[in-house]
Amino acid sequence: MCGRFTLRATPEEVANHFRLLDLPDFSPRYNIGPGQMVGIVRAQQAEPGAEERTPEINAASPKSASPAVGSDAEPAVKREWAWVKWGLVPHWAEDPSVGNRLINARAETVGTKPAFRTAARYRRCLIPADGFYEWKASSRGKQPYLIRLRGDRLFALAGLWDQWHSPTGEILETCTVLTVEPNPLVARFHNRMPLILPPEAYDLWLNPTIIQFDRLREWIRPYPEDEMEAVAVSSYVNSTRHEGPRCVEPAAGTGTLFDNNSS
DNA sequence: CCAGACGTTGTT
DNA sequence: GTCTGG
DNA sequence: CCAGACGTTGTT
DNA sequence: GTCTGG
C-alpha cells in the first residue's frame, strides 16, 4: 500500500518530467504523510473568473482522443501543479474527517465505489514522487524501508482528487493514492502497492475527455520489480513530525541494499 | 418509496 | 451525489 | 503509514 | 483495543 512517500527531486526536475507550464515551488520532502499537503499534477482547470472564454477544453481534439504512444513528449492536455490535502473527502461528504481514512483506493474497484467513482471519471491526477516507505515487522520491532526506482528516478503515483465545500463556503481540495497488487519485491512488505504509471500513460490518465474508466485498465498493474529497489532506513522516518535527509539514511547496522537480485 | 451508506489497511 | 437495502 | 489519544461538567 | 490526527 502507500502511506508515506518522498519527493526529493527539484522543482525543475518535476516541471521537466511532467511537462508543467509553470515551475512549482516546493522544498525537498522526505516524509510526506496522510493529512499533509501534497503537490499533484492534473489537467489544467478553467480559471474561475477568467475573462477569456476558452471554448471547450480540447474536447474535440483528435490528438486527445487517440492513446498516447511511446513517450510523454507532447501533452494533449495542458497540465498544472496544485496543492491538495492527502485523504480524499468526497464532495458530498458531511464531515471532512472521512478523508483521514480515504488515503488509498483500490484501483480494481475505484470505477464503481461511490466514494471514488466520479473522481475516477473526471478528476484523475498524478502525484510526483521518488520513493515510498514500507514497514516490515521483525523481532526488533518495525523496520522501515525506502522503496524507489533504480537510479532514484522520479515517478508518478496514480491518484484521484476532489473538492469539498465547507458550510462556510471554503473549498477543500483533497486526493487519494490508488493501489494494486504488489510485484514480488514489494510483496516482501505488503499485499498492496501504489499504482505507479509510466510516462507514456500520463497523457491518457490526465485526459478529461476520457470519462470511461475502463479505458485505463491496461495501466492498472504492478510496476515491474526489476526496475525497483528497497533500502532499510532509519526509524527516524516513523514520526511524521520528522523531515529531512535523516529519514532516508541507511538503517544503522544494515547498510544493505536489498533488491531483486540480491539473495 | 425513504434511509443510510459511501473506504482502506493490517495479519497470525 | 448515487447506490443499496428495507 | 505511525504516533498518540482515549472525557465530562460547569461557566464567565 | 481502536480511533483520530499528521
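Chain naming here is simple, since letters A, B, ... match the order of the sequence lines and numbering starts at 1 in each. Everything numeric in this text was worked out from a predicted model, so none of it was measured.
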ask   = Which part of the nucleic acid, if any, lies within reach of A:I103 when heavy atoms closer than 4.0 Å are counted: base, sugar-phosphate only, or nothing?
value = base
ask   = C1' atom, D:dC1 versus B:dT11: distance in rounded Å?
value = 15 Å
query = Using centres under 5.5 Å plus planes under 30 degrees as the test, is A:W135 stacked with D:dC1?
reply = no
task = Report the nucleotide, chosen from D:dA3, E:dG5, B:dG10, that has the shortest atom-to-atom distance to any side-chain atom of A:R192.
result = B:dG10
message = Students often get this wrong, so: under 4.0 angstrom with heavy atoms, is A:A105 touching a base, only sugar-phosphate, or nothing?
response = sugar-phosphate
ask   = With ring centroids as reference points, do A:F189 and A:Y145 lie under 6.0 angstrom apart?
value = yes
Interface with DNA chain B, restricted to residues 107-123 of chain A and to heavy atoms under 4.0 Å = A:T109, A:K113, A:P114, A:A115, A:F116
ask   = Side-chain donor or acceptor of A:N191 under 3.5 Å from a matching atom on the base of B:dT11?
value = yes
key: With sequence neighbours excluded, residues passing ring-ring contact (aromatic ring centres under 6.0 Å, His included) with A:W92   = none
request  = Determine the interatomic distance between C1' on C:dC3 and the same-named atom on B:dT9; round to the nearest Å.
outcome  = 24 Å
query = With no hydrogens and no angle check, do the side chains of A:Q36 and A:R29 hold a donor and an acceptor under 3.5 Å apart?
reply = yes
ask   = Mind checking the C1' distance from B:dC6 to D:dG4? Whole angstroms is fine.
value = 28 Å
